[in-house]
Amino acid sequence: MKIQNTMTGNKENFQPIHNNRINLFVCGPTVYDDSHIGHARTYIAFDVVARYLKYKGFSVFYLQNITDVDDKIIQRAAETGVSPRSLARKFEQRYLEDMRALGITNVNYYARATENIPEIISQIERLSELGFAYETETGVYFDESRFGDFGKLSHQGAEALEKHRIEPDSTKRNPGDFSLWKKRQDGEEVTWDSPWGKGRPGWHIEDTAITENYFGAQYDIHGGAMDLIFPHHEAEIAQMEAASGKKPLVRYWMHTGFLNVMNEKMAKSLGNFTTIRDMLREYEADAFRFFVLLAHYRSPIDFSEKALEQARKSLERIRQAAKIIEEQLEKAPESSAPEQMDPAVALAKAKFLESMDNDFNTPYALKAVFDLVREVNRRINEKTISQTGLQDASEQLREFGEILGLSFYEVGKRPAEKTDAIADNLIELLIETRQKLREKKEWQLADEIRAKLSELDIVIEDAYEGVGKYTTKGSTIG
RNA sequence: GCCAAGGUGGCGGAGCGGUUACGCGGCUGCCUGCAGAGCAGCUAUACUCCGGUUCAAAUCCGGACCUUGGCUCCA
């Protein structure tokens, strides 16, 4: 397996620290608001990474932090008149709901910053003792000049880091020094006792405190989006490597590309964001996941209605094939002797795994799925596929789906689909009437009803079976 | 200014030294009372520009141009 490592800029052979055990950490959310679909992109990407590593037989401990103490939380809480703690709990809850709705189910543990305060303090104390940290009247800071490797992840030298857009705290020795502990400002209620008086942790320290607590000073994979490379991940490296004296903190740094809108980064500060909740009112979760997996995790992707619609249709193509295969299987008797795997299925599987082994190349893996689908469809039409072949294809599609976290065997549901029993019954009645007209070959009137209903966004599709079923435009409900 | 990621057919998006990517769309056929859906086949002057290396370059090297992001809030 190969993984593109941000640290070296190269694709490297994956070699876990402890044989079969993989420690994976991905930066979690700051819970002061609902998460947007840019977050979703990153978490879906790492959900698939975790799924695939597990599929390969690794034992994966996927850890995520929850930043539940932070400037933005305090600010938002003050604005809305609730306590920072209850605000954080509320949005943490909503975040977890969003993740569940997106099928992101592989995080083993979510660690709150506020539940790791002793570990945070211990790490800062060690840094102070080793001379990497200093105290001022506003807080405790990491002394960047004492850590020679600062900038190695973002490939920047010390000179480049002199530049700054935001005015640094005046008590710091260097503009590049970052906060480990923030001393209490007047009136602040969220504080903990520490050797430096009351205060709260800085932004970066919680992650290394958490990973040290659960993984130790070194671990396998750290993930996050591109924008965290600097300063956040750089700071994590500085803190932990300085405190432990062990290098590297992380073997493989994986960073996801942004989700853009009209070629611009989706960000709360730009106000161009769509929350996961809002998106899921419009689209099926799997359609969004498919959209995400259609591009490599490192590539930027542009979110648009059109792109989502394309993704939805592409996903439907696979589901349609899965459905046809199931139908064919029902028609024929079970075949007893499972001999060799169907060559087309074996080839698809090999290509799929090869693609995933190559830095989780999901678009290329999907190509293998589409190739299989086309091949199987063709052979069904030509009646040249055996029962075992169908069985193999069916099982293989199911496995592909599990690895990618997509359900190829379930009809998609739109969460926001409203059900209205009376309207439903009326439509059914119309359809039944129309069906009778069709049986009498009263085509003109039957077609007229279909056309009129279509104007009302109710689509009837005549087929062998499924009479009496309808869909509303844009939905996938059968 | 420094660092990073990009610029591929009508659209999305792989490939990164030689063979059809794939999907969406379009076209044709099959199916169907018709339409749609579905399936198959076909389709595309495609690789930002200029040099260079090579028998061979989207792919490697050099140089431009453009887009986006990071440079202490960011998934």
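So you know, we letter chains A, B, ... as the sequences are listed, proteins then strands, and number each from 1. Computed from a predicted model, the values in this text were never measured in an experiment.
- Consecutive pairing runs in RNA chain B reach the stem threshold at B:1-7 with B:65-71, B:10-12 with B:22-24, B:25-30 with B:38-43, B:48-52 with B:60-64, where a stem means at least three Watson-Crick or G-U wobble pairs with distances under 3.5 Å.
- There is no side-chain donor-acceptor pair under 3.5 Å between A:N260 and A:D302.
- The side chain of A:R317 has B:A40 as its nearest neighbour among B:G70, B:C22, B:A40.
- Contact annotation: A:K313 side-chain N/O to B:A37 OP1/OP2 distance is not under 4.0 Å.
- Heavy atoms of A:E382 sit nowhere under 4.0 angstrom from any nucleic acid atom.
- Note on A:F258: a base of the nucleic acid sits closer than 4.0 angstrom, heavy atoms only.
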Readout for nucleotides 9-21 of chain B: B = base within 4.0 Å of protein heavy atom, S = sugar-phosphate only, - = neither; 5' to 3' it is --BSSSS-----B
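- Contacts of A:L228 with the nucleic acid, taken as non-hydrogen atoms under 4.0 Å apart, involve only primed sugar atoms and P, OP1 or OP2.
- What you find for A:I325 and A:L397 is that their closest heavy atoms are CD1-CD1, 3.9 Å.
- For B:A75, the base is not stacked against the aromatic ring of A:Y43, per a cut-off of 5.5 Å between centres and 30° between planes.
- Taking the six-membered ring for Trp, A:F61 and A:F215 have ring centres closer than 6.0 Å.
- At the heavy-atom level, A:N377 lies under 4.0 Å from the strands shown only through sugar-phosphate atoms.
- Of the listed nucleotides (B:G33, B:U68, B:A75), B:U68 has the atom at the smallest distance from the side chain of A:E264.
- A side-chain donor-acceptor contact under 3.5 Å links A:N5 and A:E12.
- One P atom belongs to B:G12, the other to B:A5, and the distance between them is 22 Å to the nearest Å.
- Aromatic pair A:F142/A:F178: centroids less than 6.0 angstrom apart.
- Within the structure, the ring-ring contact (aromatic ring centres under 6.0 Å, His included) test picks out the following pairs touching residues 27-50 of chain A (sequence neighbours left out): A:H36-A:H39, A:Y43-A:Y95.
- Applying the 3.5 Å distance criterion, the base of B:C34 shares a donor-acceptor pair with the side chain of A:R450.
- Using a 4.0 Å heavy-atom criterion, one finds that A:L259 contacts the bases of the nucleic acid, with or without backbone contacts as well.
- Nucleic acid contact class of A:G38 (heavy atoms, under 4.0 Å, all strands): base.
- Judged by distance alone, with hydrogens and angles left aside, the side-chain atoms of A:D34 form no donor-acceptor pair with the main-chain N or O of A:R277 at under 3.5 Å.
- A:Q239 has its side chain within reach of A:L180: a pair of non-hydrogen atoms, C-beta onward, lies under 4.5 Å apart.
- On the C1' atoms, B:G7 is 11 Å away from B:C49, given to the nearest whole Å.
- Picking from B:C34, B:G70, B:G23 the nucleotide with the shortest atom distance to the side chain of A:F230 gives B:G70.
- Base orientation at B:A37 is anti, since its O4'-C1' glycosidic dihedral falls outside 90° of 0.
- Between A:W253 and A:H255, the ring planes lie parallel to each other; the angle is under 30°, not in the 30° to 60° tilted range.
- For A:R438, taking side-chain heavy atoms from C-beta onward, the closest of the listed nucleotides B:G33, B:C39, B:G23 is B:G33.
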